[in-house]
**Student:** 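Would you mind keeping the following structure in view while I ask a few things?
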Amino acid sequence: MGGGNESRSDYSYPRMVSRPVGVPKTSILKERIGLFYNHGQNLNKARYSGCPHVQLSVWDAPGQERPTFKEATSHEFRETRIGESFGPSWSTHWFRVILTVPTDIAEDEHLELHWDANNEGLIWSEDGTPLQGLTGGGERIEWVLPKSFCNGKEHTIYVEMACNGMFGNAPDGKTSIAPPDSNRRFQLAKADIVSVNWQARMLQVDMHEIGDAAKELPENSAEQNKALSVAMKIMDTFQVDNQESILKCRKLAQEILGPNVDSHRVYETGAEPVVFGIGNCHIDTCWLWPWAETKRKVARSWSNQCDLLDRYPEATFAASQAQQFKWLKQFYPAAYERVQKKVKTGQFMPIGGSWVEHDTNMPSGESLVRQFFYGQRLFEREFGARCRTFWLPDTFGYSSQIPQLCRLAGMDRFVTQKLSWNNINNFPHTTFMWVSPDGSQVICHMPPSETYTAEANFGDVKRSITQHKTMAVDSTSLLLFGKGDGGGGPTWEQLEKLRRCAGISNTIGGIPKVKLGNTVDDFFDRLSSKASEFPTWYGELYFELHRGTYTTQANNKYYNRKTEVMLRDIEQLATFASLSTKKYQYPTKDIDDMWENVLLCQFHDCLPGSCIEMCYDDSDSLYAEVLKTGNKLLKELYELSGISDARPATLGEALAINTLPWHRKELVEISETEVGVACGDGQTLAVRTFHVQEEQPAVTVHETGTNSFVVENDQLRVVVTNGVIVSLYDRINEREVIDKGGEANKFVIFDDVPLYWQAWDVEVYHLGTKRSLQYGSTKIHEKKAHKVTLVTDVTISENSSLKSYITLSASLKGQPSEVDCAAEVEWHENSKFLKVEFPVDVVNTEASYETAYGITKRPTHYNTSWDMAKFEVCCHKFADLSEHNYGVSILNDSKYGFATAGKVMRLSLLRSPKAPDAHADMGRHNIRWAIFPHNGSLGSSTVRAAYAFNNPLKLCSGGEAALTKSAGCPIKLVNEDESASLVLDTIKRGHDDDDVTRHEGLRVNKGQSIILRVYESLGGHSKGTFHTKFHVKRATQVNILEDELCEVSIRDGTIPIKLRPFEVATFKLEL
Ligand SMILES: [Zn+2]
């Protein structure tokens, strides 16, 4: 056979090489991508500033007033121009902007107003509809001009300028949590009509995503190489200001992005989504700005979204916090109407079911209930449906009872995120079943992109898989994107980026399929069938950061506890009053207003103490309002029973008001010289004389040496030497409570310099800086037959000092005795932490802390990093360290921070962070606590003592008539087990009863009913029986929204109940 045919035509490439071709180094090509943005391409076709196209005039609102549209626009406006500065911080300036679109751009594709004064703003239509928010500083500065403006005529809009940035007014050059500068000024830098080169703008986004793909896809993967090569082709093709080249580049980009990225059709692939994109704007209800500014942030952000949801039909937006909806309706009815329309179309999703995104560590169980109760009611009333998802992306730890309460509030889904900020241990799950101590569970999802305000970058979508920890069961996840806190939620750019991420996954893959247009409920609907396969997490979700928030801003925490107690009293007394006489109308509106204010102050920066000073001026005045209303209501209630809240002149007139659901017997001081014993189990307790003689006092005190005293009653003997308790001897149980050589009720101070978040964090290393304080000599402060108090002056520093009081009162037969302690502190420190410690002779590897509706146990050792991370924890009314047969509880009436290390218990008293409030906690504080030793392990004696410590009997005058009138106990819960662990915590009227309801469009129940909320407080199955004087027609168990669950039986006027360990059960008695 002959040789090959030289002229064969089927070879696919020429025989002769035409040029050398090499393989450039990938890292250099990747770096080249950054240069694309340096080329100086003008993204806009034309820009017009100043007269005659943009005519500006302004009216400056006085002081820090934030007037309404109507008020503001009624004033004279003066001429202004670009370049003028406005201020100071927190002031408001209204601009009238008259726009005339130049005829030569009138037909252009896309016109915008660009407004940038480096502060937040809101664009209003001429007739007063909020149109869109502005963030400033280059962020969200564009407003799309309506086509109707392109007719060559003048069109007026208004811009309401707020002199603050999205994170308030931190001084230039300092961190955003620095206390605000009160004198910032803001220059109006831009107020221009701009014709946008839309294709150039879109090419920028194309390139951004292709560049990210080239940089972030796995090195040397086919997908990465493809992305890189397309990026290079685009850069080779691109020519500045050459529209044809721009179009060519966009065509090239389709090799990676596919053909559909210019519309929502890119999501219409039929494939199951893996990442569900949900827009949101996390508006902190107060933080680095006051509440008044939040109201405007809501109007700005949600107006943006109503506009964007029109332009991007695939987008959905979730907004939480009933309070913010209420504000919008109240102050911005036109904006609210837009929101309502978008809720109807399903694009705008009210979510969360709670009043605000609240702290869950410190609010009482009942407060947590009311967060859901008032939240769900608003959502139902306004939008015809309750929420199924509890939405709390940003809070500083999660009470173990949340799953149970969610289920009782009609919510079976929970979204959060904050544990990704843990600074010690990595939380092990993404989607999991979170279990309350009663066994209730809720499915919880923590978005693996580890943020609730993602920028919607390629990397966020990628991390939704690479950081997903539960893929063995299900690999889907939520991607919560959008700018928070006045950034206004998702931007057009983020929505464009996500279209491209979807395009990439359609075309070359390498990242998970991202989808917009679904709801949070759609996401969870698919997961419920796998509930039994997801990993479980039992008990609290402890947050390993922000541990200082249990202590910072002591006054706020004090008022939180006091108002919770007050509301409990009022609801109970008003319930019985409204049922006993027609003359008394249950004060629903006042109670609702009080609750809404208390719930608002439980917002996750407010109660934790991480706001600026202005916010605490706000909360102080709200608490003052709550107390004022509360005192008015109590006075009315007392008067109704013929009781005066004035101090009785004599013992004969004295009676004590009690709202605790068990028998009490306590000393009450009538006057300096007279003391009585109040005893009984009704709402008003009779006061008898306390028989004690001067010569035979019930409490004795002896000075036994230099600066050493022994104080003793029938049960306890306390030795105070040099101001601290060196011995506390339980005479009944013959047991020494204080550890050998230990000094109890001893004030100690720590250096408190966290790494960054001052008001939020106390770091583990503060423990190494403990120092004792300088104690002066101890004196007998009072010495009465029934009570002895010692006082010691303690120097903290040159500027700060405290008076330490240790009191022992007479013990009453059959009643446990406690050592009452108090401190008056003058506190003027910087970065110091004051605590009081109790080394006790009790050994246990776990201590118990009262938390919402129960007890949380935490280690007293540092075995593992998880144990040590809990070096500072949250407690409510008590912390307890017990052996099986004996223990010590420390009670308090306004504190939330505690630590137990080995045998040392430590109550946290005061911190002194300087950011974001430069004056946090400075000044005078009165603090109370008590040392309560008890026989046996932790039991109902502690639970009840802690209630009593927070709810002291209220001494009133009324005499015999008043006593008979309100004697006895209209409803009583008798514990049938000796643990006596069932607590009847709340008594209130049925909220929808026709004599209670505010007729807000929700259901109305005929007749009268009583709501009783009981919880099991110690962790065991327990039985009890309600006894009531009322004629009960029907009794049901209801959820915390007061919906019926099941009927319960009534036997001879008694209602037997049974609860699981730590169960919260609500009953409704229909009369
Ligand atoms: Zn937040």
Side-chain angles (χ1 to χ4, degrees), residues 120 135 164-168 170 175-177 278-291 293-298 300-302 317-325 327 351-363 371 375 389-399 402 414-422 446-447 449-455 478 480-490 541 543 545-550 552-553 556 599-612 614-616 618-619 756-761 915-917:
E120 289 192 79
T135 304
N164 55 263
M166 64 188 271
F167 294 118
T175 77
S176 65
I177 65 161
I278 302 286
N280 80 116
C281 70
H282 190 74
I283 301 180
D284 287 302
T285 298
C286 60
W287 182 28
L288 302 173
W289 53 87
W291 280 323
E293 199 51 48
T294 308
K295 293 167 188 166
R296 301 204 292 194
K297 282 177 188 277
V298 172
R300 292 190 284 253
S301 297
W302 295 4
F317 178 74
S320 63
Q321 315 202 62
Q323 173 74 79
Q324 296 190 358
F325 285 87
W327 279 337
I351 201 166
S354 61
W355 189 251
V356 292
E357 284 186 19
H358 52 89
D359 180 75
T360 83
N361 285 316
M362 289 170 277
Q371 286 286 354
T389 303
F390 181 32
W391 178 271
L392 192 63
D394 182 23
T395 198
F396 312 152
Y398 307 82
S399 159
I402 293 289
F414 178 42
V415 174
T416 189
Q417 176 43 228
K418 202 69 182 184
L419 292 194
S420 66
W421 286 38
N422 276 2
M446 298 187 183
S449 47
E450 300 198 340
T451 171
Y452 42 87
T453 47
E455 282 292 341
L478 291 175
L480 311 184
F481 68 99
K483 293 184 185 281
D485 284 334
L541 295 170
F543 181 40
L545 199 70
H546 295 0
R547 302 166 184 89
T549 60
Y550 318 140
T552 310
Q553 298 289 0
N556 228 49
L599 299 177
L600 171 58
C601 293
Q602 290 171 349
F603 175 71
H604 68 256
D605 283 302
C606 190
L607 182 56
S610 43
C611 286
I612 59 169
M614 286 172 113
C615 300
Y616 295 105
D618 283 355
S619 62
Y756 178 71
W757 299 94
Q758 288 195 33
W760 291 257
D761 292 350
D917 174 359

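Order of listing sets the numbers, starting from 1, for every ligand and every atom in it.
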**Student:** Restricting to N/O/S, name the atom of Asp394 that gets closest to the Zn ion (ligand 1).
**Tutor:** OD2
**Student:** Quick one: sort the Phe396 and His604 rings into parallel, tilted or perpendicular, breaks at 30° and 60°.
**Tutor:** perpendicular
**Student:** Within the structure provided, determine whether Trp760 and Pro916 are in side-chain contact (heavy-atom separation under 4.5 Å).
**Tutor:** yes
**Student:** Taking both backbone and side chain into account, is any N, O or S atom of Asp284 nearer than 2.8 Å to the Zn ion (ligand 1)?
**Tutor:** yes
**Student:** Would you kindly say whether Trp355 and Gln323 are connected by a side-chain donor-acceptor distance under 3.5 Å?
**Tutor:** yes
**Student:** Among the N/O/S atoms of His282, which is closest to the Zn ion (ligand 1)? Give the atom name.
**Tutor:** NE2
**Student:** Any salt bridge linking Glu120 with Arg300? Criterion: basic side-chain nitrogen under 4.0 Å from a carboxylate oxygen.
**Tutor:** yes
